[in-house]
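In what follows, a single structure is set out as C-alpha cells and then discussed.
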There are 2 protein chains.
Amino acid sequence: MKTIFIAGAGRSSTALISHLLENSDRHGLRVIVGDASLELAVNKCNNHPNSIPTLFDVNDAVLRNKLVSQADLVISLLPPDMHHLLVVECLVHGKHFLSASYVSAKVAALEPQAREKGVVVISECGLDPGIDHMSAMEIINRLKSQGANLISFKSYTGGLVAPESNDNPWGYKISWNPRNVILAGQGTASYLWGGKFKHIPYSRIFTDIETLEVDQIGRFDGYANRDSVSYLKIYGLEGISGLLRGTLRQRGYCRAWNVFVTLGLTDDVVRIPSSGSMTYAELVESFIPVHIKGETIAHRVASLCSLPVDGEAMTLVTWTGIFEDTLIGIENATPAQILQKLLESKWILNPEDRDMVVMIHEFIYDLNGESRRLTSSLVVKGEDSVHTAMAKTVGLPLAITALKLMDGSISLPGGLYLPVTKEIYEPVLRDLEKHGVVFQEKVS
Amino acid sequence: MKTIFIAGAGRSSTALISHLLENSDRHGLRVIVGDASLELAVNKCNNHPNSIPTLFDVNDAVLRNKLVSQADLVISLLPPDMHHLLVVECLVHGKHFLSASYVSAKVAALEPQAREKGVVVISECGLDPGIDHMSAMEIINRLKSQGANLISFKSYTGGLVAPESNDNPWGYKISWNPRNVILAGQGTASYLWGGKFKHIPYSRIFTDIETLEVDQIGRFDGYANRDSVSYLKIYGLEGISGLLRGTLRQRGYCRAWNVFVTLGLTDDVVRIPSSGSMTYAELVESFIPVHIKGETIAHRVASLCSLPVDGEAMTLVTWTGIFEDTLIGIENATPAQILQKLLESKWILNPEDRDMVVMIHEFIYDLNGESRRLTSSLVVKGEDSVHTAMAKTVGLPLAITALKLMDGSISLPGGLYLPVTKEIYEPVLRDLEKHGVVFQEKVS
C-alpha cells in the first residue's frame, strides 16, 4: 500500500482528492489529507475508507517531518511561498513532490539536491500553469516534427463563469483564491512580439489588451501574464518571433477593473487608518484628487479615469456597490483587502452555479512555404459550486500524474520538472481526454 | 577622550565628519570613520589627527562588535535597512545611536530594549526627515502656547540645484543617493486634507501636485511623500484638518518624470533580458504598446502619455537622451537601474556647481478669532560639489546632536527619539542658526 500526502484541502483540492480516492483501491493507495482546518480535511475525505484527514500546519516542523516520512508522494496545494518547506522535507526522506504552482526561486534552488537524491519534483502541473504547458508542448512537438517553422505562439486561460450561470455584468464569479483575483497583474509583464521584447507596467496591463474568440463560446478580453519570456527556453522556442501567455476575462472586465487600478484600490501595502468605521464610498473618495469635481462620486471617478459615467466600465464598477455608504467593517486594512471583501460578497458562485475554464492557444507558423494559423481551444464547465471546472482542471492533472508516478508508468530520474516533458504530458493528456478535458483544433 | 564611530563615508557624510573633527580637540573627541571603501574613509578623514579611517562592512559581525564596543556613540549613514544591525550592537554594549533615516520597523521594535538599557537612539535627525521636524515643532509649540487653533500644516523639502549652477532643463542635479531619486514616490502616499484621509497611488503621484512659492527663489512643484498620516501623532497634531509632507522639484520636473513612470521605466523588479546589448531607444520602444503609432519614438511616447511632443514635459524627457541609439551597457538590469545610469551621466553636479536645499512650511491657524497663515522657509546653498548644501543640512544636525550628547548638554533617558522632542530640537536649532541654517518667517 502506498501513501500520498496532500497538503491543503481548499477550493482547488476537491477533484484531486476525489479522483485519488476513487482510484485508491485499484492502485493500493491511502490518502492523507492535511489542512489547517480539520473540518475542511474531514469534509473533503468524505469518510472514504482509504482516506485519513488530519490537522496540518506547514510551519510545524515536527508534523511536517512525520507526515512526509509516512508518504511516498507529497502533493502541495499550499500557497506558493510555502512549497519549499515541503520540498526540503521530501529531500530528507527521499519522497517525490508535486504542485500546481509556478516554480519559486526557493524551489528552483533545490534542483541539484533533487537530482542527487533521485527525488522527482514536478511543478506547474495544474491548469495554468499545467494543462496549458502540456497541450502547448504536444502541438509544438507535432508541428516541429512536421517540419513547420514556428512564428508565434499565444496562450490565454481564464477561470470564468458559464454563460448559463452568469447573472452579473462582470461575467465573473470567484472559483479560486480571491486574493489572487485582486492582486492579478501587479508588476511588469514581459513578452516577445515581432522579434522584440515588450513590457507592460501594471498601470497599463488592463488597457493594453486584445480580443480573443473561441468558437461557440464568444469573445474575451486577454491581458498579458507577468513573465512569458522565460518560456522561450522552457518550450524550446528560442528564435521564435512572438510568445505571449495571458489571462482571459469576459469582454469589458479589463477596462472596468482598470478603474480600481487607477483609483489605487488594488494596493496591498498601505494601511487605511480607521477603515473599520469607514464606508466604501468614503474609501473611494479618499483616492480621488481634491481638484476633481463632479455631481456624484461616480461622476468624479469617471472624470478621474476619463470614462463616460454611463458607459460599460463605470456601470460595472457601480454595480459592485463600491460607491455606496456601506460600512467596510475591517480595521486597518489595505485597499486590496477591502476590495476583496466587497467582491467576495458580490461575485459569489451560488451552489448550483457552473463555472467555466477557457483556454486558447494560437500558433502562427510556416509549413511547406505556406503561412498557417492553428488554434486549439478548451472549454470545461463545472457541475456546481463544489465540483468546479477550476477544481477539476487543477486537480485532475495532479491526480493523474500522481497515480502514474505511484504505479511507475511515469518514471523519471531525480530532478525538477515541468510537464513540458514528453514522459509526463503524453500519458497525462491521454487520461485527461477520458475525463472530458478535450481540445478543439482548427487550422486555417 | 570620547569616541564617535561613523558608519558610512558616502556623499552625505562630508559635513558631519568635518564638523566633528573641527570640534574634536575642544570636545576631547576621536572619530572613527568606517566605510566599505577604505579610500573613501581616508579621504573624508583628510589626515586629521583625531580621525581613524577604517574598512567597515556592516555584515561582518566581528568588526561590528569591535568598532561599536570602542565607541561612545555610533552614527549610521548606511542604507536604512541596515541600521538595526548597528542598533542591536549598541544595545549589547550600551552605546548611543544616531541616524538621519526614517525609523524602520526593525529599529522601532528595539525601543523597549533601548529604554531598559538606558541607550538613546535618535532617528530622522538629518534634513528631511530632521530639520523639518525640528523647525516644525518649534513653530507648532510656539503657536500652541500663543493659544492658536491649528487648521493645517504642509511641509515640503527639496534637494535642488542653485539657479546660478542650473544649466539643464530639469533644474536637477544629483546631490544625494541617485537610486532614491529614481525610486522616489513608489507605493501609495497618504495625507490628511479637509479633515479626511487622502491617498495617491504611484501612477498619479507626479501629476496630483501643487505649486509652492518661496520668496526671491521662485515657484516649485510639490508632490506628496509616502506617509504623512503617522506624523499627526508624532507632531501632536491630532484633530488638525490638514497635514501633508512632500518633496519639492523645479516646476515642470514632475510632469516630465511622470513620462518615465507611465512608460514603466522606474520599475526595479523586472529584469530586461539582453539589456547589455540594447540601446536606450530600444528599451523605451519595448515599453510602448504595439498599437501606438507615430513618426518618431518621441511622437509615440507623447501619444502614449497624451502629451504634445514639443511641450515642456517631452522636451525634458528628450533632453535626457533616452530616445537615442546609445548602448545601455549593463547586462540583465532593471529599468530603474538603466534610468539611473542614464541620469547619473546627465545630472552631474560639476566640481564648481552649487546645490540648493529648499524647505517650506505652511501653517494655517486661527488666533484670537482671526484666520492666519504662517510660512517659514529655508534656503541653503552649497559651496561646491563636495561641500554641498545637502551634505551640510544632513550632516550638521547629526554632528551638533552628537556633540551635545557627548558633552551632556542633551541628556535623555534611554529610548527611541525623533528630534520633535524639545530637549533635542531647541539646542540643535540654535546651533544650526550659527551655521547659516536660518528660516525666514512670514505671517499673513
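Chain letters run A, B, ... following the sequence lines, proteins first, then strands; residues in each count from 1.
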Could you go step by step and tell me if A/Leu192 and A/Leu244 meet the side-chain contact (heavy atoms from CB on, under 4.5 Å) rule?
CA-CA 6 Å; A/Leu192 183 73; A/Leu244 175 79; over 6 Å; no
CD1-CD1 distance between A/Ile272 and A/Ile328, expressed to the nearest 0.5 angstrom:
8.0 Å
Using distance alone, with no hydrogens and no angle check, list the donor-acceptor pairs under 3.5 Å between chain B and chain A.
{"unit_1": "B/Thr188", "atom_1": "OG1", "unit_2": "A/Asp267", "atom_2": "OD2", "d": "2.9"}
{"unit_1": "B/Lys198", "atom_1": "NZ", "unit_2": "A/Glu285", "atom_2": "O", "d": "2.9"}
{"unit_1": "B/Lys198", "atom_1": "NZ", "unit_2": "A/Ile288", "atom_2": "O", "d": "2.6"}
{"unit_1": "B/His199", "atom_1": "N", "unit_2": "A/Ser286", "atom_2": "O", "d": "2.6"}
{"unit_1": "B/Arg204", "atom_1": "NE", "unit_2": "A/Thr262", "atom_2": "O", "d": "3.1"}
{"unit_1": "B/Arg204", "atom_1": "NH1", "unit_2": "A/Phe287", "atom_2": "O", "d": "3.1"}
{"unit_1": "B/Arg204", "atom_1": "NH2", "unit_2": "A/Thr262", "atom_2": "O", "d": "3.2"}
{"unit_1": "B/Arg204", "atom_1": "NH2", "unit_2": "A/Leu263", "atom_2": "O", "d": "2.7"}
{"unit_1": "B/Arg204", "atom_1": "NH2", "unit_2": "A/Phe287", "atom_2": "O", "d": "2.8"}
{"unit_1": "B/Thr262", "atom_1": "O", "unit_2": "A/Arg204", "atom_2": "NE", "d": "3.1"}
{"unit_1": "B/Thr262", "atom_1": "O", "unit_2": "A/Arg204", "atom_2": "NH2", "d": "3.2"}
{"unit_1": "B/Leu263", "atom_1": "O", "unit_2": "A/Arg204", "atom_2": "NH2", "d": "2.7"}
{"unit_1": "B/Asp267", "atom_1": "OD2", "unit_2": "A/Thr188", "atom_2": "OG1", "d": "2.9"}
{"unit_1": "B/Glu285", "atom_1": "O", "unit_2": "A/Lys198", "atom_2": "NZ", "d": "2.9"}
{"unit_1": "B/Ser286", "atom_1": "O", "unit_2": "A/His199", "atom_2": "N", "d": "2.6"}
{"unit_1": "B/Phe287", "atom_1": "O", "unit_2": "A/Arg204", "atom_2": "NH1", "d": "3.1"}
{"unit_1": "B/Phe287", "atom_1": "O", "unit_2": "A/Arg204", "atom_2": "NH2", "d": "2.8"}
{"unit_1": "B/Ile288", "atom_1": "O", "unit_2": "A/Lys198", "atom_2": "NZ", "d": "2.6"}

Quick one: are A/Leu418 and A/Val103 in side-chain contact, heavy atoms under 4.5 Å?
yes
Turns out that what part of B/Leu283 lies under 4.5 Å from chain A's heavy atoms comes down to neither
Counting C-beta onward and ignoring hydrogens, is there a side-chain heavy-atom pair between A/Leu307 and A/Val317 closer than 4.5 Å?
no
Are A/Leu263 and A/Ile322 side-chain neighbours, meaning at least one heavy-atom pair lies under 4.5 Å?
no
Using a 4.5 angstrom heavy-atom cutoff, name the option from A/Pro289, A/Gly264, A/Pro335, A/Gly194 with the most pairs to chain B.
A/Pro289
Non-hydrogen atoms of B/Cys254 and B/Ile209 that approach each other most closely:
CB-CD1, 3.8 Å
Under a 4.5 Å cutoff for heavy-atom pairs, which residue among B/Val229, B/Val261, B/Val269, B/Leu304 has the most contacts with chain A?
B/Leu304
Taking all heavy atoms of A/Gly185 and all of A/Ile205, pick out the closest pair and write down the distance.
O-CG2, 4.1 Å
